[in-house]
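First comes the structure, then the notes that go with it.
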Amino acid sequence: MKRASVWVLCICLWVISGCAKPSFPPIDNSLSVVISLDVKGETVTFLNAKNGRVIARWEINKPFRGGALSPDRRTLLLYGPDLDRVYRYNLATGKQRDEWKTGSGIISATATPDGSTWFFGDNQHHAVRVWSENGKELTRLRVGHSPLTLLINDAGTELYAIDFQAGRTFVIDAVHHRLIRSFAVPKMALGGLVREQQGELWVGGHGSGSRVETNIHVYSLPDGRLRQMIAAPVMPIDFIETDRGVFVLSHGSNTMHRFAPDGNRLASMSVGANPFAMEAAGGRLYIASYDSDEIIVVDEATLRPLARWKTGDGPLQLLIREGRT
């Protein structure tokens, strides 16, 4: 009887350990950090935004391909087309909060500013999927094929889903969860910037076939009309706007451009090796250099390189978490 009890206890402990959620080093709320999503190494690296010191490196060991921070900056979401769920982690504790069982195919994510609603681009169901903050799916909106870029306006009322393969941008009512309209964009469109005061949507791209994209396409927000094209060779795929202008990362030429609000190019600089992502904070630009496994830190005002910080293997995306006092 005692022997049987021991075996039952061992089995129970095995089951409990197998179901335990992973825990990682916590990230202090007071620290401002640059978060590097290192997809090749399946790690997340947290660096002090002031000096580049590595605060922690989370060994996720799952094939994630993207991530997002909750609007309150407390929760990190990780997702990927080969994962069957979205993983959510509490930054302050380093513990996994929960999992949202989305099924595979998730390629992009964004939330309303109040965090009440999440939108996920799904390239298997060819849809934008709408989820509540409690992890319940509310609806699915059919769009193109691969809604790889999701952008939401500051008010959280309109979502722009730029499809990578279909050559269209879909405008979605983010409050009532319905499709409003769509308009044509180049195929293999990737990355964008909503400029509400100017009534514009800037759209970047990778290019298709033998034709690489060299221009930013600027569309009217109210009607989707093409207003102008701005040269930004080659493959402009990421955008940041600050009070010093619009910064555009052209991944195909390892170049970062700075533009005036009217689209006039002010400066360009070579940066990184196969750069994929860019963020801005505290008067600095942080650029992910995928092939060299590092972040290039650039002074926003002078475009002078300030530092090079090592990341994990294959930094594909960057996030900024400002510290709380």
Side-chain angles (χ1 to χ4, degrees), residues 22-61 64 66-78 89-95 237-251 254-258 267-325:
S23 180
F24 301 107
I27 309 302
D28 193 299
N29 283 328
S30 66
L31 291 176
S32 292
V33 295
V34 181
I35 305 171
S36 176
L37 305 187
D38 313 317
V39 299
K40 193 188 299 183
E42 297 182 354
T43 63
V44 178
T45 304
F46 297 85
L47 303 101
N48 187 303
K50 292 182 178 180
N51 56 32
R53 181 177 63 85
V54 175
I55 298 166
R57 179 165 292 141
W58 291 2
E59 302 282 346
I60 304 298
N61 296 323
F64 68 89
L69 285 173
S70 60
D72 65 8
R73 323 309 274 178
R74 298 179 186 274
T75 303
L76 172 66
L77 283 72
L78 296 178
Y89 301 90
N90 184 311
L91 293 179
T93 65
K95 295 180 179 179
I237 62 167
D238 205 6
F239 301 76
I240 292 287
E241 185 167 16
T242 73
D243 58 4
R244 290 189 173 92
V246 179
F247 297 88
V248 179
L249 185 64
S250 292
H251 133 86
N254 302 331
T255 305
M256 193 270 293
H257 309 280
R258 181 167 67 185
S268 299
M269 65 175 292
S270 297
V271 60
N274 203 10
F276 272 101
M278 174 173 57
E279 285 289 343
R284 293 173 164 186
L285 299 170
Y286 301 92
I287 300 165
S289 178
Y290 186 85
D291 286 353
S292 60
D293 303 326
E294 61 186 351
I295 294 171
I296 314 298
V297 186
V298 175
D299 183 276
E300 190 181 307
T302 65
L303 298 191
R304 181 172 61 89
L306 300 175
R308 305 171 83 96
W309 299 342
K310 293 302 291 184
T311 65
D313 295 341
L316 187 68
Q317 183 182 351
L318 300 179
L319 303 166
I320 299 287
R321 201 286 306 270
E322 299 282 358
R324 298 170 180 265
T325 56

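On a predicted model such as this, the values are computed, not experimentally measured, just so you know. Count residues from 1 along the sequence.
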Query - Side chains of Glu279 and Val34 in contact at under 4.5 Å (non-hydrogen atoms) - result: no

Query raised in the report: Rounded to the nearest 0.5 Å, what separation is found between the CH2 atom of Trp309 and the CD1 atom of Ile296?
Result: 11.0 Å

Query - Rounded distance [0.5 Å steps], CD in Glu322 versus OG in Ser30 - result: 12.5 Å

Query raised in the report: Taking side chain as C-beta onward, heavy atoms only, is Phe24 less than 4.5 Å from Val44?
Result: no

Report task. Can you see which heavy atom on Ala92 is nearest to which on Pro26, and at what distance? Result -> O-CB, 3.0 Å

Report task. Using atom types as modelled and distance alone, determine if a side-chain donor or acceptor of Lys310 lies under 3.5 Å from a backbone N or O of Gly52. Result -> no

Report task. Evaluate the ring planes of Phe276 and Tyr290, with Trp represented by its six-membered ring, and classify them as parallel (under 30°), tilted (30 to 60°) or perpendicular (over 60°). Result -> perpendicular

Requested in this report: Compare all side-chain heavy atoms of Thr45 with those of Ile295 and state whether any distance is below 4.5 angstrom.
Outcome: no

Query raised in the report: Do you know which two heavy atoms are closest between Leu303 and Ala267, and how far apart they sit?
Result: CD1-CB, 3.6 Å

Query - Distance in Å, Thr311 OG1 paired with Leu47 CG, rounded so as to fall on 0.5 Å steps - result: 7.5 Å

Query - Any side-chain heavy-atom pair of Trp58 and Ile27 under 4.5 Å - result: yes

Query raised in the report: Do side-chain atoms of Arg258 reach the backbone of Ala301 as a donor and acceptor pair under 3.5 angstrom?
Result: yes

Query raised in the report: Does the side chain of His251 reach to within under 4.5 Å of the side chain of Asn274, using non-hydrogen atoms?
Result: yes

Compile the donor-acceptor pairs under 3.5 Å between side chains in residues 70-78 and protein atoms, sequence neighbours left out, one pair per line.
residue : atom : partner : partner atom : Å
Ser70   : OG   : Asp72   : OD1          : 2.5
Ser70   : OG   : Arg74   : N            : 3.4
Ser70   : OG   : Thr75   : N            : 3.1
Asp72   : OD1  : Arg74   : N            : 3.0
Arg73   : NH2  : Ile320  : O            : 2.8
Thr75   : OG1  : Arg97   : NH1          : 2.8

Query raised in the report: Just wondering, do Asp313 and Asp38 contact through their side chains at under 4.5 Å, heavy atoms?
Result: no

Report task. Over all heavy atoms of both residues, which pair between Gly312 and Asp293 is shortest? Give the atoms and the distance, please. Result -> O-CB, 3.5 Å

Report summary line: Value for CZ (Arg244) from CG (Leu285), rounded to nearest 0.5 Å, stands at 9.5 Å

Query raised in the report: When you measure from the side chain of Asp299 to the backbone N and O of Arg304, does any donor-acceptor pair fall under 3.5 Å?
Result: no

Requested in this report: Report the residues that fulfil side-chain contact (heavy atoms from CB on, under 4.5 Å) with Ser23, sequence neighbours left out, ordered by chain and then residue number.
Outcome: Lys95

Report task. Decide yes or no on side chain to side chain contact (heavy atoms under 4.5 Å, CB included) for Asp238 and Ile287, but give the supporting numbers first. Result -> CA-CA 10 Å; Asp238 205 6; Ile287 300 165; over 6 Å; no

Report summary line: With sequence neighbours left out, the residues meeting side-chain contact (heavy atoms from CB on, under 4.5 Å) with Lys50 are Asn48

Query raised in the report: Do Phe247 and Glu300 come close enough that some side-chain heavy atom pair is under 4.5 Å?
Result: yes

Query - Asn29 CG to Arg321 CZ distance, which is reported to the nearest 0.5 Å - result: 5.5 Å

Query - Nearest atoms (heavy-atom pairs only) where Ser36 meets Pro315 - result: OG-CB, 3.3 Å

Report task. For Ser289 and Ala273, work out which heavy atoms get closest and say how close. Result -> OG-N, 2.8 Å

Requested in this report: Identify the heavy atoms of Ala280 and Ile240 that sit nearest to each other, and give their distance.
Outcome: CB-CG2, 3.6 Å

Requested in this report: Determine whether Leu91 and Phe46 make a side-chain contact, defined as any pair of heavy atoms from C-beta on separated by less than 4.5 Å.
Outcome: yes

Query - Pairwise distance OG1(Thr43) to CD1(Ile60) - rounded to 0.5 angstrom - result: 8.0 Å

